Colleague: 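For reference, the structure I am asking about is given below.
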There are 2 protein chains.
Amino acid sequence: MTQRLVKAFLKPLQKEDSLNISGGKRGRITIHEVAAAAAVSISTASKALNDTGRMGAETRERVKRIAGEIGYRPNALARGLLSKRSFTIGLLTNDTYGRFTLPVMAGISDALVDHGVSVFLCAIEDDPALAQIHVDAMLDKQVDGIIATGKRLDRRLPVDLSNLHVPVVYAFTEGTQNSVTFRSDDEQGARLAVEWLAKIGRRRIAHITGPEDFFSVRERAGAYHEVAGHREPVLYGVWSESWGHEAVEKLWKRPGEKPDALFCGNDQIARGAADALRERGVKVPQDVSLIGFDNWEIVAAQTRPPLTTVDMELKELGRQAGLTVLALAEGRPVEPGVRKLPCRLIVRQSCGGRTSDDQGNEI
Amino acid sequence: MTQRLVKAFLKPLQKEDSLNISGGKRGRITIHEVAAAAAVSISTASKALNDTGRMGAETRERVKRIAGEIGYRPNALARGLLSKRSFTIGLLTNDTYGRFTLPVMAGISDALVDHGVSVFLCAIEDDPALAQIHVDAMLDKQVDGIIATGKRLDRRLPVDLSNLHVPVVYAFTEGTQNSVTFRSDDEQGARLAVEWLAKIGRRRIAHITGPEDFFSVRERAGAYHEVAGHREPVLYGVWSESWGHEAVEKLWKRPGEKPDALFCGNDQIARGAADALRERGVKVPQDVSLIGFDNWEIVAAQTRPPLTTVDMELKELGRQAGLTVLALAEGRPVEPGVRKLPCRLIVRQSCGGRTSDDQGNEI
DNA sequence: ACTACATGAGAAAACCTTTTCTCACTTGAC
DNA sequence: GTCAAGTGAGAAAAGGTTTTCTCATGTAGT
């Protein structure tokens with residue numbers, strides 16, 4: 001007993017000295033210090049702190065207490081080296097504005113912070129070389145998994161992630177054959193919007209949307225046709241306010257009856273449309289109901305009147321992607337395939353009809 | 001199966017073997033494999049790969065070649081354990097929209113990716129507990145440094161970073177006494193805007209801006225007064241389009257001469273003002289010149305007409321913050337204090353006067 | 001009194017690198 | 001023919017943890 005104590009005292013002192021001499025940084029408190037302070041061996045200290053192994057309840061408590069008192073925190077590098085788990089994942093994105101990435105990231109982080117997982121965010125523009133550098137850096141750092149996200153479902157990231165030795169989950173962007181992909185159910189979202197317009201009595205619903213080569217555009221347009229029929233045209237264009245503006249001009253210059261509702265492919269288009277309508281003296285929502293897509297707060301909430309819009313629940317999408325990549329990292333089985341998450345209609349004032357109590361104020 | 005699931009939940013740190021069964025990770029290639037393949041010792045392999053130590057040029061080349069061939073990549077965890085450098089930094093932010101954080105992050109990443117440094121992004125709303133969890137997680141992972149950023153210069157993050165044993169650099173948010181802080185020079189930016197308006201012949205320049213309790217608001221207003229005098233009032237309000245709209249109403253309802261230029265505290269206010277002016281039949285830029293602040297592309301470029309605005313060069317700010325935290329991590333001396341980075345005027349069509357060739361298309 | 005076993009705790013290996021130290025061998029000079 | 005110096009390469013330690021194995025002690029059973 002005496003001998004152990006002496007030993008325990010000598011050891012940490014030597015340590016401190018050499019560290020102090022050699023470096024500017026103060027030596028971190030390691031499990032050695034804990035063991036010494038509690039007068040037990042390192043192995044006992046480790047087992048006490050991790051609630052593993054066999055030992056007296058009193059010893060366990062004492063070690064834990066002392067560890068807390070001297071502010072011990074385990075070194076994740078050392079731990080990771082042994083356990084092969086770094087409690088770290090990478091988020092790869094080519095969405096420069098962060099409009100889609102940020103909510104996804106928020107969801108991931110939200111889901112994983114409880115598990116002690118931190119997230120590397122890597123924004124690769126559309127640069128394959130940069131992407132490769134980031135992927136290599138993440139792999140070197142032994143990430144437990146990678147989540148790939150982007151601004152478009154039907155565009156691959158400029159780097160191949162299919163043969164990595166870490167699990168990969170795709171969120172909001174296309175994955176490879178046997179991968180797990182989370183995406184929003186654009187069809188259901190569009191149906192939600194158009195059905196709402198129908199329910200509040202609109203009959204001439206036009207659809208102003210983005211470029212037809214976007215998969216999500218075609219899917220939304222498909223759902224629109226299914227619900228609204230083919231009475232009004234679908235106007236394909238670009239994702240900008242000015243296109244929304246221009247599209248309204250086109251529609252209102254046509255001879256014949258005007259639409260009584262516009263379902264727009266994103267909030268920016270809807271905002272442009274709202275402006276154009278106001279300029280023409282067409283009242284929203286009295287004369288025309290307007291619905292956007294994305295629930296990009298900064299656009300939707302600032303439009304006059306504030307936009308009813310379809311929220312893709314990106315945060316929830318991120319949450320699920322995060323939990324899935326974690327499951328894979330832990331070796332739990334996950335079925336590959338595409339999982340569609342339902343969208344939600346956020347009702348604001350641009351629609352008229354009965355105003356829901358749901359005023360949508362996420363993020 | 002069920003058993004594995006349970007086990008995985010209970011003991012996330014279990015050994016790799018069980019994961020292999022489920023088709024998980026294959027054994028990584030270590031320096032042992034390289035040494036074996038090249039028929040040298042591990043130490044020789046290490047020295048060859050790192051261009052250190054003494055050895056035959058031919059041996060060095062052979063090791064390098066073989067390492068490349070079998071796809072060896074050093075394990076950053078093991079390396080970090082020894083070198084006390086993880087090549088990892090943390091970015092802490094409370095800016096939920098990412099409007100300021102994303103450009104800063106882009107700059108940091110841009111500057112540090114060449115040095116092999118990856119960035120943990122931690123979005124802490126304004127939640128001290130969450131902040132602490134993230135900081136602890138970063139420290140456990142042995143980050144080489146932390147950059148703190150936020151949406152507001154004069155608001156501290158809800159967590160104390162002053163006594164960490166890793167370097168901390170503040171970007172766009174207030175730091176503690178002896179820290180390094182990077183911020184934009186709002187005074188110079190405001191002066192840039194107002195002087196431009198003066199230069200193109202505007203004499204009655206009004207200033208519509210955000211809440212007076214923002215430090216940056218007061219600084220910009222100060223510079224505005226210095227250059228434009230006190231002929232027109234400063235209208236303090238909130239950071240929204242509707243406030244910009246409302247402020248224009250106020251100004252134009254006043255008796256007497258109207259302003260011939262508006263300098264707005266941010267792009268959203270400017271956009272609201274632009275809308276209000278258009279509705280009143282006031283022509284921008286013919287009758288009134290309009291300047292915003294932030295160069296938030298999504299607002300500034302979509303305004304009709306596109307906004308001339310002040311860019312705070314946040315990406316450059318991030319770049320410098322990144323390089324600084326790296327310098328500190330490497331023990332290079334850095335003077336504490338606040339460094340102001342100059343803003344830049346992005347000239348678009350909302351101002352009139354001679355149009356610069358600088359059409360501003362960052363990010 | 002002697003075996004069988006349960007219990008508490010420590011020693012040592014392992015994870016993957018880097019670095020320092022040591023060793024064997026060659027070369028040229030006296 | 002010996003010595004000094006230089007050269008190429010390997011052995012071993014270190015970094016902080018976790019885990020397996022081993023050991024000593026005490027307790028119960030016959």
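Source: prediction; values computed, not measured.
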Colleague: Just wondering, do Ser86(A) and Lys141(A) contact through their side chains at under 4.5 Å, heavy atoms?
Modeller: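 They are not in side-chain contact.
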Colleague: What is the distance, to the nearest angstrom, from the CG atom on Leu49(B) to the P atom on dC16(C)?
Modeller: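 Spelled out: CG on Leu49(B) to P on dC16(C) is 16 Å.
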Colleague: Kindly say if Ser43(B) contacts the phosphate of dA11(D), meaning a side-chain N or O under 4.0 Å from OP1 or OP2.
Modeller: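 For dA11(D), OP1/OP2 do not have a side-chain N/O of Ser43(B) under 4.0 Å.
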Colleague: Base, sugar-phosphate, or nothing: which does Ile42(B) touch, judged by heavy atoms less than 4.0 Å apart?
Modeller: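 Answer is base: heavy atoms of Ile42(B) come under 4.0 Å of a base.
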Colleague: So if I take every side-chain heavy atom of Arg54(A) and compare against dT7(C), dC15(C), dT19(C), which nucleotide ends up nearest?
Modeller: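 Looking only at heavy atoms from C-beta outward on Arg54(A), the closest nucleotide is dT7(C).
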Colleague: Base, sugar-phosphate alone, or nothing: which one does Arg73(B) contact when heavy atoms must sit under 4.0 Å apart?
Modeller: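 Arg73(B): backbone/sugar contact only, no base atoms under 4.0 Å.
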Colleague: When you match Arg60(B) and Arg79(B) each to their closest nucleotide on DNA chain D, which lands nearer the 5' end?
Modeller: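 Result: Arg60(B).
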Colleague: Can you see if the side chain of Asn75(A) gets near the phosphate of dG15(D) - specifically, an N or O under 4.0 Å from OP1 or OP2?
Modeller: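 For dG15(D), OP1/OP2 do not have a side-chain N/O of Asn75(A) under 4.0 Å.
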Colleague: Are Arg85(B) and Gln142(B) close enough that a side-chain donor and a side-chain acceptor fall under 3.5 Å?
Modeller: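 No, Gln142(B) and Arg85(B) have no side-chain donor paired with an acceptor closer than 3.5 Å.
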Colleague: Could you state the atom-to-atom distance from NZ of Lys141(A) to C1' of dC15(C) in whole Å?
Modeller: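 For the pair Lys141(A) NZ and dC15(C) C1', the rounded distance is 19 Å.
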Colleague: For Thr30(B), which contact category applies under a 4.0 Å heavy-atom criterion: base, sugar-phosphate, or nothing?
Modeller: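 Sugar-phosphate, no base atom in range.
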Colleague: Side-chain donor-acceptor pair under 3.5 Å between Thr176(A) and Ser162(A), yes or no?
Modeller: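 Checked: Thr176(A)/Ser162(A) side chains show no N/O donor-acceptor pair below 3.5 Å.
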Colleague: Is there a side-chain contact between Thr44(A) and the phosphate of dA9(C), meaning an N or O under 4.0 Å from OP1 or OP2?
Modeller: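 For dA9(C), OP1/OP2 do not have a side-chain N/O of Thr44(A) under 4.0 Å.
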Colleague: Write down the distance between CG (Leu81(B)) and C1' (dT18(C)), rounded to a whole number of angstrom.
Modeller: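 Leu81(B) atom CG is separated from dT18(C) atom C1' by 11 Å.
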Colleague: Distance check needed: dT17(D) C1' versus Gln142(B) CD, whole Å only.
Modeller: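 After rounding, the gap between these two atoms is 12 Å.
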Colleague: Between dC16(C), dG16(D), dT18(C), spot the one nearest the side chain of Leu82(B), thanks.
Modeller: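 Shortest atom-to-atom distance from the side chain points to dT18(C).
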Colleague: Could you state the atom-to-atom distance from NZ of Lys47(A) to P of dG16(D) in whole Å?
Modeller: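 Checked: the NZ to P distance equals 21 Å.
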Colleague: Specify the separation, in whole Å, of atom CZ of Arg85(A) and atom C1' of dT17(D).
Modeller: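 From Arg85(A) CZ to dT17(D) C1': 16 Å.
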Colleague: I need the CD1-P distance between Ile31(A) and dG16(D), as an integer number of Å.
Modeller: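 Taking atom P of dG16(D) as the reference, CD1 of Ile31(A) is at 11 Å.
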Colleague: Is any side-chain N or O of Asn50(B) closer than 4.0 Å to OP1 or OP2 of dT17(C)?
Modeller: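 No, outside the criterion.
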Colleague: Does the ring center of Phe182(A) lie less than 6.0 Å from the ring center of Tyr170(A)?
Modeller: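 No.
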Colleague: Quiz question: by atom type and distance under 3.5 Å, do the side chains of Ser46(A) and Ser43(A) form a donor-acceptor pair?
Modeller: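 No pair is found: no donor N or O on one side chain lies under 3.5 Å from an acceptor on the other.
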Colleague: Need one value for Thr59(A): base, sugar-phosphate or nothing, where a base atom within 4.0 Å counts as base even if backbone is also close, heavy atoms only.
Modeller: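 Sugar-phosphate, no base atom in range.
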Colleague: Can you measure Glu33(A) atom CD to dG15(D) atom C1' for me and round it to whole angstrom units?
Modeller: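 Atom CD in Glu33(A) sits about 13 Å away from atom C1' in dG15(D).
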